Number of protein chains: 2
Amino acid sequence: MTSGARRGPYICGIDAAMDVVSGKWKSLILWELNNYGTRRFGELRRGLPGVSEKMLIQHLREMEEDGLIHREVYREVPPRVEYSLTEHGASLNEALRPLGEWGQRRSERLAAEGVATPA
Amino acid sequence: MTSGARRGPYICGIDAAMDVVSGKWKSLILWELNNYGTRRFGELRRGLPGVSEKMLIQHLREMEEDGLIHREVYREVPPRVEYSLTEHGASLNEALRPLGEWGQRRSERLAAEGVATPA
DNA sequence: TTCAATACTTACCTTCAGGTAAGTGAGGAC
DNA sequence: GTCCTCACTTACCTGAAGGTAAGTATTGAA
């Protein structure tokens, strides 16, 4: 496995879900693929400002192992690789929506309080 | 702040929510407080097998700063401190439920496939 | 006078997630 | 024959998250 021991014994459902989502860019990759349906490696890289190629690939590989995304390679030169959500990935995205909405409300509350408004 | 720079500029709602939940024990603390309503420090420690006192306090402090939990000190000897969810904490827990259910299904699927069944 | 209980606090150390930067392979454009 | 694009791959490094273990304060009980 690319990262440390995962799929561990889980304490609860949150734990099991977190194992799959934790990683600096994973939820954003999910979001990006959900929005665009299909994205090339380079498109993802440009869509996630600040991500390093190493981490992007590492996360993509783990998510593929976890059955969240599908990787389609077109044997062309220069190479083309397209990523898309699997059914599991799409359902995870659905499950994350309430959390995203909660975070959105929190952001707005913080902004209203003048705390660390995004640049 | 106890941990690094948080409440950062957020890329999206998930990001903002993750900032508050990320931490090895935070979602479990949320879960524990949701189940019991009110818990003492020592009860939480015993309820989260493997947590160190340092991390438990650190997480509790951060969650208090983030408005998720309430800390009530009773000036007795030996001291008594009780933790409980605030309204924000309870709503976060609600927002986490679909994710928990997703993780539960994933756990069951993994178990059915015979992959790393919990000890 | 020493111990126990409780909720921390502090210093130190290990581990690992993530970042940086350079390299690879294949073929078409120039 | 050199350069370009694209999707990686590899080696190395840093910082932060988390663990370990010992110490603190208070007071009643033995």
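Proteins come first, then strands; the chains are lettered A, B, ... in the order of their sequence lines, and each starts at number 1. This one's a predicted model, so the numbers in the text were calculated from it and none came from an experiment.
Under the 4.5 Å side-chain heavy-atom criterion for Ile, Leu, Val, Met, Phe, Trp and Tyr, B:Trp31 and A:Val21 are members of distinct hydrophobic clusters. At a threshold of 4.5 Å between side-chain heavy atoms, the hydrophobic network of Ile, Leu, Val, Met, Phe, Trp and Tyr places B:Met63 and B:Met55 in one connected group. Hydrophobic clustering (side-chain heavy atoms under 4.5 Å, transitive across Ile, Leu, Val, Met, Phe, Trp, Tyr) keeps A:Tyr74 apart from A:Ile69. Both A:Met18 and B:Leu56 are assigned to one and the same hydrophobic cluster, defined by single-linkage of ILVMFWY side chains at heavy-atom distances under 4.5 Å. A:Ile11 and B:Val51 fall within a single hydrophobic cluster, where Ile, Leu, Val, Met, Phe, Trp and Tyr side chains are chained together by heavy-atom contacts under 4.5 Å.
Within 4.0 Å (heavy atoms only), B:Tyr83 reaches sugar-phosphate atoms of the nucleic acid but no base atom. Residue-level contact check: A:Arg71 touches the backbone only, with heavy atoms under 4.0 Å from sugar-phosphate atoms and none from bases.
Checked against D:dT26, C:dG18, D:dA22, the side chain of A:Lys24 finds its nearest nucleotide in C:dG18.
Of all non-hydrogen atoms in B:Thr86 and B:Gly67, the two that sit nearest each other are OG1-O, 2.5 Å.
Atom CD of B:Glu62 is separated from atom C1' of D:dA16 by 12 Å (rounded to the nearest Å). Atom C1' of nucleotide C:dA17 and atom CG of A:Leu56 are separated by 15 Å, given to the nearest angstrom. Distance OH (B:Tyr74) to C1' (C:dA5): 19 Å, rounded to an integer number of Å. Atom CD of B:Gln58 is separated from atom P of D:dT20 by 15 Å (rounded to the nearest Å). One can place CD of B:Glu53 at 10 Å from C1' of D:dA21, the figure rounded to the nearest angstrom.
The side-chain heavy atoms of A:Trp25 and A:Leu44, taken from C-beta on, include no pair separated by under 4.5 Å.
Contacts between residues 35-48 of chain B and DNA chain C, defined by a heavy-atom separation under 4.0 Å, are made by B:Arg40, B:Phe41, B:Gly42.
Side-chain N/O atoms of B:Lys54 and base N/O atoms of D:dG19 include a donor-acceptor pair closer than 3.5 Å.
Both A:Val77 and A:Leu60 lie close to DNA chain D; mapped to their nearest nucleotides by heavy-atom distance, the more 5′-ward contact belongs to A:Val77. Checking A:Ser52 against A:Pro78, the closest nucleotide of DNA chain C that is more toward the 5' end is the one next to A:Ser52. Both A:Gly23 and B:Val73 lie near DNA chain C, and the one whose nearest nucleotide falls closer to the 5' end is B:Val73.
For CD of A:Glu87, the number of neighbouring non-hydrogen atoms (other residues, nucleotides, ligands) closer than 6.0 Å is 12 at most.
In this model, the phosphate group of C:dA5 is not approached by any side-chain N or O of B:Arg80 to a distance below 4.0 Å at OP1 or OP2. The side chain of A:Arg61 places an N or O atom within less than 4.0 Å of a non-bridging phosphate oxygen (OP1 or OP2) of D:dT9. OP1 or OP2 of D:dG18 sits under 4.0 Å from a side-chain N or O of B:His59.
Note that OG1 of A:Thr38 is 8.5 Å distant from NE2 of A:His70, once rounded to the nearest 0.5 Å.
Look at B:Glu108 and B:Arg105 and you find no salt bridge, because none of the NZ, NE, NH1 or NH2 atoms lies under 4.0 Å from a carboxylate O.
A rotation axis mapping the C1' atoms of four pairs onto the next four is fitted at both ends of the helix from C:dT1-D:dA30 to C:dC30-D:dG1 over five pairs, and the angle between these axes is 30° to 10 degrees.
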